[in-house]
Amino acid sequence: MYGRKGYQLLKDFASGEKGQLKPFNSKLFDETIEECDQNDHLLQSLIRKIQQEGLDVQNNRNADHYGALIHHLSLMRNKRCLMAYVYNRAEIVRDLAWRVGLELLDLPSEIQEKLTSLEKEYFKNHSVALKSYMGKVGIELNVDMVPPKDPYIKVRILDDIDEGIVLSDKTTNFARHSMHFLKRTDAEPYIARVSLFVIPSLELE
């Protein structure tokens, strides 16, 4: 009551590592909505009581008025907490499209398991919009987030890769711990996955 559940929901989100998703806390999310319903029910009951007593809801300043005000403020606080929780998770989902890849299957299984069905749909829609825009301007905006000094980079394979990596000019397999000099555009997606500590593949030397 009084906005406590919403506070706990945001506290749960903030307890995770910055930029990383925790599993969606559906239990606490639903409890926050339930608390909103309780506040709304008590708010409407107090308003009806004031009206039945023939008093003006806007100008009356008795105990019922302040009780209604408390429930209204608690309701609004929980609503803001719910929206903040969803919005901040959506920001991370959008960031995944830029850092990891534009296909849902590009996301490591550990991350996919933390997404709700609506968040997966949001990721797909955001990726489609990005692909459409990049196709129109003819630039892959999600490759170099920082302007590179050199179009080629030296990389080292951290682990065996089951399937061949398709490069812009050839397809090849890389042995573990081997060193290669590759186009940044070819290596960037694999480096990004390593930064998520999920798919060991390439690392800047």
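- Of all non-hydrogen atoms in E119 and K114, the two that sit nearest each other are OE1-O, 3.9 Å.
- Cluster annotation: F13 and I111 are assigned to the same hydrophobic cluster (Ile/Leu/Val/Met/Phe/Trp/Tyr, side-chain heavy-atom contacts under 4.5 Å, transitive).
- Side-chain atoms of R77 and S74, non-hydrogen and from C-beta on, never get closer than 4.5 Å to each other.
- Aromatic ring centroids of F24 and Y85 lie under 6.0 Å apart.
- Atom NE2 of H126 and atom NZ of K124 lie 15.5 Å apart (nearest 0.5 Å).
- Summarising the local packing, NZ of K22 is surrounded by more than 12 heavy atoms from other residues, nucleotides or ligands at distances under 6.0 Å.
- With sequence neighbours excluded, the residues forming a side-chain contact (heavy atoms from CB on, under 4.5 Å) with D37 are I33, listed by chain and number.
- One finds the CZ atom of R48 at 11.5 Å from the CD1 atom of I50 (value rounded to the nearest 0.5 Å).
- A donor-acceptor pair is defined here as one N or O able to donate and one able to accept, closer than 3.5 Å; no such pair exists between the side chain of E31 and the backbone of K5.
- Not a single ring pair (Phe, Tyr, Trp, His ring centres under 6.0 Å) links F123 to another residue, sequence neighbours left out.
- Annotation: the span from I47 atom CD1 to L55 atom CG amounts to 13.0 Å, rounded to 0.5 Å.
- A chain of hydrophobic side-chain contacts below 4.5 Å, direct or via other Ile, Leu, Val, Met, Phe, Trp or Tyr residues, connects L10 to L82.
- The two residues R89 and L115 come nearest to each other via the heavy atoms NH2-CA, 4.5 Å.
- Transitive grouping of hydrophobic side chains (ILVMFWY, heavy atoms separated by less than 4.5 Å) brings L21 and F29 into a common cluster.
- Residue-environment remark: NZ (K49) stays at or below the threshold of 12 foreign heavy atoms within 6.0 Å.
- Each of V93 and Y87 belongs to its own hydrophobic cluster when Ile, Leu, Val, Met, Phe, Trp and Tyr are linked at side-chain heavy-atom distances under 4.5 angstrom.
- Taking CG of N125 as the start and CZ of R94 as the end, the distance is 13.0 Å to the nearest 0.5 Å.
- The backbone N or O of C36 lies less than 3.5 Å from no partner atom in the side chain of D40, so there is not a single donor-acceptor pair.
- The CD atom of E110 sits 11.0 Å away from atom CD of Q20, with the distance rounded to the nearest 0.5 Å.
- Y133 and L130 end up in the same hydrophobic cluster when Ile, Leu, Val, Met, Phe, Trp and Tyr side chains are linked at under 4.5 Å.
- A distance of 14.5 Å separates NE2 in H72 from CG in L42, rounded to the nearest 0.5 Å.
- A distance-only check finds no donor-acceptor pair linking the side chain of D64 to the backbone of L46 [under 3.5 Å].
- Remark: K79 NZ is loosely packed, at most 12 non-hydrogen atoms of other residues, nucleotides or ligands lying under 6.0 Å away.
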